[in-house]
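Notes to accompany the following structure.
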Amino acid sequence: MFGMPPPLPNQSMTSVSPAVGQIGAPVAGASKIDPNQIPRPIPGSSVILHETRQGNQANPPPPATSDYIVRDTGNCSPRYMRCTINQIPCTDDLLTTSGMQLALMVQPLAIPHPSEETVQVVDFGESGPVRCSRCKGYINPFMKFIDQGRRFICNFCGFTDETPREYHCNLGPDGRRRDADERPELCRGTVEFVASREYMVRDPMPAVYFFLIDVSMNAIQIGATAAACGAINQVIADLPEGPRTMVGIATFDSTIHFYNLKRALQQPLMLVVPDVQDVYTPLQTDVVVQLSECRQHLELLLESIPTMFLENRTAESAFGAATKAAFMAMKGTGGRLLVFQSVLPSIGIGALSAREAEGRTHLSAGEKEAHKLLQSADETLKAMAIEFAEYQVCVDVFITTQTYVDIASIAVIPRTTGGQVYYYYPFSAVSDPAKLYNDLRWNVTRPQGFEAVMRVRCSQGIQVLEYDGNFCKRMPTDVDLPGIDCDKTIMVTLKHDDKLKDGSECAFQCALLYTTVNGQRRIRVTTLSLPCTSILSNLFRSADLDTQFACFLKQAASEIPSRPLLLVKDRMTNLCINILLSYRKFCATVTSSGQLILPEALKLLPLYTLALIKSKGLRTDGRIDERSFWINYLSSISTPLAIPFVHPRMVAIHDLNSKEGDQSLIPPVISLSTEHVNDGGIYLLENGEDCLIYIGNSVDSDILRQLFCISSVDEIPAQFVLQQYDNPLSKKLNDLVNEIRRQRCSYLRLKLCKKGDPSGMLFFSYMIEDKSSSGLSYVEFLVHVHRQIQLKMSS
């Protein structure tokens, strides 16, 4: 994990010197900045113990990328909710002056560390949880009881309510209720309330999983259909046990094929829906059935689908129609629809055209309007997605392909329904089935909820400006989530609507009403209370780099489809420059103008901004689908994964054996520059999604044999599956990859890379600190940022 160590009290700024040339004067080479002095991530070596409040004050959280264990002492764990600044500016003017964003990153079902206590469940019975009668805020540790405990003051709207008689308790000499420490809702930042009847529109829905598989000619030929059927067959055993679990299955090419899984039949019966313009679901009742009733039928069917369609010569794909038909089968209950798609949807509802090729043939127009290819081509799919969300159907799409499929259009469905897109390109029948199985397994087994609604409330003076993530919004104050899981994060941008009082606290509360996989209706309430300040330097001191940068990323991702790339790059660079300019101008006035002064908490902001500017999503040379996937991946990415996604982690693996005494599974992190990559070494680079292993041209053949069972670089296979051989070095590499997979909650896609090959070029494109066609070197970028600050200071 790359956690920055917390700044020491006497160290609040970093200066990068010697002087970078005077204002307007040409800089005599970038060597004026010493490359060894510039800020880089320092991995935290030990586990941080974090108490969320001490002495009745909020404790700033450890970096999101560090290894920490939380004790919830009133504020929620930073895993569930983090703010971009850990002190809230009293006025909008102060926030504007700082150049920073004020936003929350909310991940309501995040997984706690194994050493942390689980979220406690509180049941108030039929009366339901105690709430403010005016703003409906939930009871929490910051509501103040008065009048011997007979009344309480809401920490959001300030209204005074009567305490329900059955909830009354006397106050101690400190003004707190005597039972406060025994009641989780009065002493913990996160609790889960059992929802009473008033929170239910209908009975909690069952756990429904519907699998929809592409069996068109291409899907069969590249092995994608077989991989999907194999993965589903293995995952059936991991679905929740019991009578509430229901399943359904359908396949599609230019028509849709449902299967009657009723136990009474000797074998599953195929029912074909030929009309892909006006679809319907045959046999409404028998298409989705209890898993316990049809397990054997289902397993047999999954084994036989790849052979049933082996000779299929239909190249067309009715993705939109098939998704709609599956939705109609699930409409009565809601549930998870898992779609396996391999080609461009070309027929029926929501059919798409090969826009990418059109963009290439009309290059001049393509350049000017290139970003339009990243917008959805079709309103039909959006309208369908809104209807799916209304009936609580959450869609995940697994794209296993070797061609363009128009992710920009397809992704509208998962984004609107709380699902996600998985992308395997170019799909390999050798190396991708293991990842497909692991991704599918995590998708259905991770902590998750169905039919959810979320709302964030804030103290007077602050209000929610907008929500950003994978959801559907039918009311301005709430977000609807047909599915929500432990990996999904929602960005909540905030704004002032009044002044806050210096020295007071400002509270934020996220309430998530959802149905558990076992069919219980729950309200997870997460509360965070932070001090307000009117001092600018306090904002810089309490800035949260990871959360600020996650905001940058999500904003860039949402702007790329609607603006030319150059404008987005400039805007991201200017966001960074304006924050540093404000600090230089108002908080560091005594220092010489020859130095670039960075606030300690944000000293890595220029490096990460440069990484963003050079990333896949902001490069013109990338494939359209790859960039669309990048944008979609970021829309729900969690704070701990945001930085590594654009600023990957690189380690050397050729000398893993020499680290005998080192207990850590992960070797020291290396800066992303070619000067640290030598020809005799092997390097692993990972960003939470992909993992590249670069093999230098002159690596010792003995090491190659131990790790990959090859004797020279020329034997590197194009499709790579990691094996464990009977030697210590191979075991260490496998342990390392498994530890990264555990940390990232992702089964990384592995690729071997070598020099002078496209794979080598891909690896070197991540060397962010070097000058390249996609941007300046890190040193040059710091010079550029400094020069812009000097120009603005003097104008």
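Just so it is clear, the values below take in all heavy atoms, side chains as well, and ignore hydrogens, waters and symmetry mates.
For the pair Arg79 and Tyr68, the distance from NZ or CZ to the six-membered ring centre is under 6.0 Å and the angle to the ring normal is within 45 degrees. Geometrically, Arg336 does not engage Tyr209 in a cation-pi contact, judged by NZ or CZ lying under 6.0 Å from the ring centre and within 45° of the ring axis. Remark: Arg131 fails to qualify as a cation-pi partner of Phe193 under the 6.0 Å distance and 45° angle criteria applied to the six-membered ring. A cation-pi arrangement is absent between Arg457 and Tyr138, since the terminal nitrogen or guanidinium carbon is not both under 6.0 Å from the aromatic centre and inside a 45° cone about the axis.
The minimum heavy-atom distance linking Lys473 with Tyr467 is given by the pair CE-CD1, 3.7 Å. Of all heavy-atom pairs spanning Ile484 and Ala452, the tightest one is CG2-CB, 3.8 Å. Minimum heavy-atom separation, Cys157 to Cys154: N-SG, 3.4 Å. Closest approach of Cys83 and Asp544 over heavy atoms only: O-CB, 3.5 Å. Across all their heavy atoms, Cys90 and Cys532 have their closest contact at SG-CB, 3.9 Å. In terms of heavy-atom proximity, Leu171 sits nearest to Gln148 at CG-C, 3.9 Å.
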- Check the pair Leu513, Arg521 against side chain to side chain contact (heavy atoms under 4.5 Å, CB included), reporting the backbone distance first and the verdict last. CA-CA 7 Å; Leu513 171 65; Arg521 202 75 175 134; 3.7 Å; yes

- Item | Criterion side chain to side chain contact (heavy atoms under 4.5 Å, CB included) on Gln87 and Arg541, from CA distance to verdict | CA-CA 9 Å; Gln87 294 193 31; Arg541 198 171 297 123; 6.0 Å; no

- Task: Go through the steps to decide whether Arg649 and Gln743 satisfy the test side chain to side chain donor-acceptor pair (under 3.5 Å), and finish with yes or no.
- Result: CA-CA 12 Å; Arg649 165 165 54 181; Gln743 284 182 7; 2.8 Å; yes

- Query: When you look at Phe552 and Thr84, which way does the side chain to side chain contact (heavy atoms under 4.5 Å, CB included) test go after all the steps?
  - Reply: CA-CA 11 Å; Phe552 269 45; Thr84 49; over 6 Å; no

- Are Leu539 and Thr533 close enough, and set up right, to give a side chain to side chain contact (heavy atoms under 4.5 Å, CB included), and what steps lead you there? CA-CA 8 Å; Leu539 297 186; Thr533 184; 3.6 Å; yes

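Side chains of Thr73 and Glu51: no donor on one and acceptor on the other come within 3.5 Å. Side-chain contact of Gln509 with Thr527: a donor-acceptor pair under 3.5 Å is present, judged by distance alone. Inspection of the Thr477 and Arg455 side chains reveals an N or O donor paired with an N or O acceptor under 3.5 Å. There is a side-chain donor-acceptor pair under 3.5 Å between Asn470 and Ser635. Between the side chains of Asp161 and Ser133, a donor-acceptor pair is found at a separation under 3.5 Å.
A 6.0 Å sphere centred on CD of Gln520 holds more than 12 heavy atoms belonging to other residues, nucleotides or ligands. The 12-atom threshold is exceeded at CG of Asp174, counting heavy atoms of other residues, nucleotides or ligands nearer than 6.0 Å. Heavy-atom contacts from other residues, nucleotides or ligands closer than 6.0 Å to CZ of Arg165 number 12 or fewer. No more than 12 heavy atoms of other residues, nucleotides or ligands sit less than 6.0 Å from atom CD of Glu241.
Atoms CD1 and CG, on Ile88 and Asp502 in that order, are 12.5 Å from each other to the nearest 0.5 Å. One finds the CH2 atom of Trp442 at 9.5 Å from the CD atom of Gln448 (value rounded to the nearest 0.5 Å). Taken from SG in Cys187 to CG in Asn140, the straight-line distance is 11.5 Å, to the nearest 0.5 Å. Here Ile597 contributes atom CD1 and Lys603 contributes atom NZ; the two are 13.0 Å apart, rounded to the nearest 0.5 Å. One finds the CD atom of Gln54 at 4.5 Å from the CG atom of Asn59 (value rounded to the nearest 0.5 Å).
Looking at heavy atoms from C-beta onward, Ser542 lies out of side-chain contact with Pro60 at the 4.5 angstrom threshold. When side chains are defined from C-beta on, Arg524 counts as touching Thr190, because their heavy atoms get closer than 4.5 Å. Under the 4.5 Å side-chain criterion, counting only non-hydrogen atoms from C-beta, Arg53 is not in contact with Pro141. Inter-residue side-chain proximity for His113 and Val70 is flagged as unmet; no heavy-atom pair is nearer than 4.5 Å. Residues Leu528 and Cys76 form a side-chain contact, since some pair of their non-hydrogen atoms from C-beta on lies under 4.5 Å apart. Residues Val130 and Phe124 are in side-chain contact: their nearest non-hydrogen atoms beyond the backbone lie under 4.5 Å apart. Residues Phe540 and Ser582 meet the side-chain proximity criterion, which asks for heavy atoms closer than 4.5 Å. In this structure, Tyr80 and Leu512 have side chains that are not in contact, with every pair of non-hydrogen atoms separated by 4.5 Å or more.
By the ring-ring contact (aromatic ring centres under 6.0 Å, His included) test, Phe152 is found to be paired with Phe145, residues two or more places apart in sequence or in another chain being considered. Scored by the ring-ring contact (aromatic ring centres under 6.0 Å, His included) test, Tyr633 finds Phe629, Phe645 as partners (sequence neighbours excluded). For Tyr391, the ring-ring contact (aromatic ring centres under 6.0 Å, His included) partners are Phe327, not counting sequence neighbours. Taking Phe471 as the reference, nothing meets the ring-ring contact (aromatic ring centres under 6.0 Å, His included) condition, with sequence neighbours excluded.
Between the side chain of Arg202 and the backbone N or O of Thr333, at least one donor-acceptor pair lies under 3.5 Å. In terms of modelled atom types and a separation under 3.5 Å, the side chain of Asn578 and the main chain of Leu581 share no donor-acceptor contact. Distance alone, capped at 3.5 Å, places no donor-acceptor pair between the Ser537 side chain and the Cys587 backbone. A donor-acceptor pair under 3.5 Å is formed between the side chain of Asp123 and the backbone N or O of Gly125. With Glu198 contributing its side chain and Ser196 its backbone, the two residues share no donor-acceptor pair below 3.5 Å. Under a 3.5 Å cut-off, the side chain of Asn75 and the backbone N or O of Gly189 do not form any donor-acceptor pair.
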Cut-off 3.5 Å, no hydrogens considered: what does the side-chain donor-acceptor table look like for residues 91-111, sequence neighbours left out?
from, atom 1, to, atom 2, distance (Å)
Thr91, OG1, Leu94, N, 3.1
Thr96, OG1, Asp92, O, 2.8
Thr97, OG1, Asp93, O, 2.8
Ser98, OG, Leu95, O, 2.6
Ser98, OG, Met100, N, 3.0
Gln101, OE1, Gln555, NE2, 2.8
Gln101, NE2, Gln555, OE1, 3.3
Gln107, NE2, Cys486, O, 2.8

Got a list of side-chain donor-acceptor pairs under 3.5 Å for residues 489-498, not counting sequence neighbours?
from, atom 1, to, atom 2, distance (Å)
His496, NE2, Pro89, O, 2.7
Asp497, OD1, Gly461, N, 3.4

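For Lys554 and Asp468, the salt-bridge test fails: no basic side-chain N is under 4.0 Å from an acidic carboxylate O. A salt bridge is absent between Arg188 and Asp72; no separation between the charged side-chain nitrogens and carboxylate oxygens falls under 4.0 Å.
Taking the six-membered ring for Trp and thresholds of 30 and 60 degrees, His647 and Tyr608 have ring planes more than 60 degrees apart, a perpendicular arrangement.
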